[in-house]
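Nothing here was measured: the structure is a model prediction, and the numbers come from that model. All ligand and atom numbering here is 1-based and tracks the order in the structure. Side chains included, hydrogens not; waters and symmetry mates left out as well; all remaining heavy atoms used.
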Amino acid sequence: MTSETRSTCPYCGVGCGVIIESHGDQITGVRGDPQHPANFGRLCTKGSTLALTASASVTRQTRLLQPMLRSLRKQAPAPVSWDQALDLASQRFAGVIEEHGPDAVGFYVSGQLLTEDYYVFNKLVKGLIGSNNIDTNSRLCMSSAVAGYKQTLGADAPPTCYDDVNHAQCIFIVGSNTAYAHPILFRRIEDAKAANPLLKIIFCDPRRTATAEIADLYLPLLPGTDVSLFNGMLHIMLWEGWVDNAYIKAHTSGFEALKATVRDYTPQQVAQTCGISQHDLFGAAKLFATSPATLSLYCQGLNQSSSGTAKNAALINLHLACAHIGKPGAGPFSLTGQPNAMGGREVGGLANLLSGHRDLNNAQHRAEVAALWGVPSVPDKPGKTAIDMFQAAADGEIKALWIACTNPAQSMPDQATVRRALERAEFVVVQEAFASTSSCDFADLLLPATTWGEKTGTVTNSERRISRVRPAVAAPGQTRHDWVIAVDFGRRLEKALHAKRKPGGLESDPGTTLFPYPIDDPATGVQAIWNEHRESTRGRDLDITGMSYAMLEEAPQQWPLAEGQRQGKARLYEDGIFPTADGRARFVNTVYQPVAEPRESRFPFSLTTGRLRDQWHGMSRTGTLGRLFGHVAEPAIEMNAQDMARRLLKDGDLVQVSSKRGAIVVPVQSSAEIGMSQAFMAMHWGQEYLSGQSSQGQALAGVNALTTSASCPSSRQPELKHAAVRIEKAELPWSLLAMAWLPEGQALNTHTLLKALMTRFAFASCVPFSNSTPLGDRSRERSGVLFRAAARDAASTDTLQSLEQLLGLDTADVLRYADLKKGQHRSVRLSRTGEQAKVTGFVLAGDIRAQAWIKTLLEDELPAQAYGRLLLLPGAEAPVAVQSRGKPVCSCLNVTDSAIAGFLQGAAQESVGHPDADAQCLARLQAQLRCGTQCGSCLPELKRMVRARSACGASQGATAAN
Ligand code: SF4
């Protein structure tokens, strides 16, 4: 019988509600929860494919299902029992603590943990071990937003809610590709714009991303210049008399100093610094200030910066100056990247925070938390933030590392240092759901954790709304909930520390435990932890003492909701009173500082990183589905076409991208989204998908080999949005492309095995692919793997044989050609059904000019019997053009760019010039091909294509008229 379970999407901070369908121990489907106030039933491409990532054939290949111990580094780990694993872990950690002190261990956790997981980890480190060395990947994502809110408004609390989108008259989107990073919120913005034609949208970003499609005004500001922009806008607002002096006087402090500073930010100077026109700068200031209600939406473009806190504060300054806060449709709304970055902040899960939004550097706060936990004290020495923690491990200062639910060997900047840290640490524990992440390769001990669909607890989304995460199926294999692992380890560590008579920060009775939560009864245990967390919020800005788990069972709830109140607050500061000592919000005197590593002649490009539409972070989950590689199939770096032309680069050429920290080799693609002297690469491409070997013999570690750990002095958030790089053509004359369909349930295993071959080449990428049937039609679905490589010299026969073997191309029926002297090698598998033969796998090595049509024959499963020997001939062209089906734009219904272009070609002249021409054309396109009618994630791209057709139609019309 099919069961249904309400839960929450595990990807972005929108926090959409989902209904999971399951049958026995198998998740069989997912749909949006129509009652959840974040999404009202909608899901994006990532959310709507969640059930596929939890299918038996995927989990069999990807999950870590039992504790594993590696007795020697770089060797395969062997299974151990939970008792053996946690006894060993507690002994090793206790040993390090005894010998080197509590600060010789570090815990690096994740914004994807649930609040209850986070709470226990925080208590474990700060309460039991007596160190503050616990930080989280939210440091890479949200810490500038935290610092910005606290400096200005007095508390880390977004004062807005999603419904504000419906009340705003101006939406200012800055440093956020909302269309890709928060798609369901973007759907709400689209709806608000359709319902209210007066709503104006300003979009500021160095890249003209899909989000620009909805903007009335687009400002392509240069990377890192946001503070200058905001100060310049304030300068104009002051000059024009658009600020709200009464509000400033009644509710704020510090304006005079800021006013003096922004006097120097003249429109002329700011326009030059930011690379925008004075006209657009003025337009943005006017729309922002004079609108009845302005809502700002911002994300990593502001946060991931060496002046991230100043950027946040400078934007909030604008809201305070214009009184765009504390009323419907107005306020600075930081969008959280991860599903529970907010929950982590609530329990103080960062090296500088304590439970209930308390500060580590506040003695009163430390005493309150110590009393709550029943420990003598909480250490006052600040813990090491993410960057410092890995640097300390690389320097030998931190000896033991515990990594939970995150993949620092992919996501942290400056991978050379991170990898040195993971190699040098004496003992590395990785607590993970997936066995395939790069960090697992460095673990001495691997601990299998439950994941989405199996976990129980709570998460908080961007609008301060707490939702339940519920299990639809039992924990597979020997996996355990993250908090259960932390509790079990904590109890054993308590004993080990007492036995060694050096209990870190703990001097409690050895008969008691700091972790009295029943691990054999997760439903009760998780509630006990949450209740303790709830008590820690009493009297704080995020007070949830009026909330209960029972209420959360009914519906998600927003904080604050203090005891005696009936419901949470949708908006904060409506009374103009802020949680500061004098009740006033504080203007911060923000001064523009350039990026930490300005472009220079040796490194003349500004590399920025960001998200793809259909992928999530390190792709440990989304990367399991070939269909999610349909939209962007392979790693690439994007550049402006003029920059490419100057360097004689064409699409697909391999380039070496170098920064002061490392280098990678990757194909280049031109993009109209990228400005001159800039480049973009998706944050997702780690060593799992993009690798190779440097001339010094080191494995190349994906995009974060290039990025810098330079960070904001206030938030310690690294500058992932800018690194100065050099881009040169990579002279690797020998190329290889191999593809094969693989039997059901083997593509991901094969992908994992192929990783070992990637480092044999100067460049290699390896990605899954599928035949992208419409979502829901799984009967025809097939999966395969694409492997691409290049080198100075031809690969050895041994390497080619290994590749063929892994792809199933080592059988007698495979057609072959080889000219070893010339480095040419071909193998093609033609699979016959009756009279028809299809290419189901191939390796082309040496001359791969025929790659396009042979790849299409395989991907589109076209009849291939007519091509015969041409398939083996180096450089052969197809006798008849092989028409590709194209790249999926709408991945729900598998509608490709070619099909859409075909429709639009027919419609090129239709109704161009009519005021609603584009809207009508889009409606007809959707009616005919049905693209964009399901999750809607492709709508910005469809609109862009329709607009391009109308520009083209208009120019054709003009030509005809002439
Ligand atoms: Fe999940 Fe997409 Fe909703 Fe984000 S917008 S929570 S990824 S369904």
Side-chain angles (χ1 to χ4, degrees), residues 6-21 27 29-54 110-112 114 141-142 161-162 165 173 176-191 209-211 214 297 299-300 333-343 451-453 455 458-470 472 556 610-625 627-628 631 682-684 775 890-892 932 934-940:
R6 290 200 137 81
S7 191
T8 310
C9 173
Y11 293 124
C12 83
V14 176
C16 297
V18 296
I19 296 175
I20 307 172
E21 294 154 19
I27 290 174
V30 70
R31 63 183 197 275
D33 181 351
Q35 288 171 20
H36 197 288
N39 57 317
F40 299 107
R42 286 166 154 171
L43 294 176
C44 73
T45 40
K46 296 181 281 281
S48 55
T49 49
L50 270 168
L52 301 179
T53 68
S110 167
Q112 287 172 63
L114 308 188
C141 168
M142 295 313 310
C161 60
Y162 296 147
V165 162
I173 305 175
S176 160
N177 184 6
T178 322
Y180 281 12
H182 299 93
I184 295 304
L185 177 59
F186 197 71
R187 301 282 86 74
R188 292 177 76 154
I189 298 171
E190 287 170 340
D191 291 350
T209 62
T211 301
I214 203 168
L297 304 175
C299 197
Q300 312 306 2
F333 196 173
S334 151
L335 304 176
T336 46
Q338 300 197 77
N340 198 31
M342 289 285 285
T451 185
W452 178 83
K455 294 188 73 156
T458 57
V459 289
T460 310
N461 70 5
S462 296
E463 62 166 355
R464 295 173 279 106
R465 192 179 295 279
I466 303 175
S467 295
R468 282 283 278 120
V469 169
R470 296 184 181 89
R611 293 169 200 265
L612 297 176
R613 190 190 75 183
D614 295 348
Q615 298 292 354
W616 174 255
H617 284 201
M619 301 199 279
S620 49
R621 183 184 291 280
T622 52
T624 61
L625 300 182
R627 66 179 308 120
L628 292 181
H631 191 237
M683 62 186 279
H684 316 290
L775 192 59
C890 169
S891 59
C892 296
Q934 302 288 302
C935 80
S937 296
C938 62
L939 277 171

Test item: side-chain donor near acceptor, H182 and S176, under 3.5 Å | no
Side chains of R613 and S937: do they bring a donor and an acceptor to under 3.5 Å?
-> no
Which part of C16 is near ligand 1, with near meaning a heavy atom under 4.0 Å away: side chain, backbone, both or neither?
-> both
Say whether, by atom type as modelled, one donor and one acceptor occur between the side chain of R627 and the main chain of S891 under 3.5 angstrom.
-> yes
Would you mind running through ligand 1 and noting each atom that sits below 4.0 Å from a heavy atom of [X]?
| X | value |
| --- | --- |
| Y11 | 7 (S) |
| I184 | 3 (Fe), 5 (S) |
| G15 | 6 (S) |

Indicate yes or no: at least one non-hydrogen side-chain atom of Y180 is less than 4.5 angstrom from one of T209.
->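 No, every pair of side-chain atoms sits at 4.5 Å or beyond.
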Contact check, side chains of H631 and C938, non-hydrogen atoms, under 4.5 Å = no
Considering only heavy atoms, which of C9, G47, P339 lies nearest to atom 1 (Fe) of ligand 1?
-> C9
What residue and heavy atom of the protein are closest to atom 4 (Fe) of ligand 1, and at what distance?
-> C12 SG, 2.3 Å
Any N/O/S atom of C44 sitting less than 2.8 Å from atom 2 (Fe) of ligand 1, backbone or side chain?
-> yes
Taking all non-hydrogen atoms of both residues, which atom of V30 and which atom of G47 are closest, and how far apart?
-> CG1-O, 3.6 Å
Can N39 be said to touch ligand 1, with heavy atoms closer than 4.0 Å?
-> no
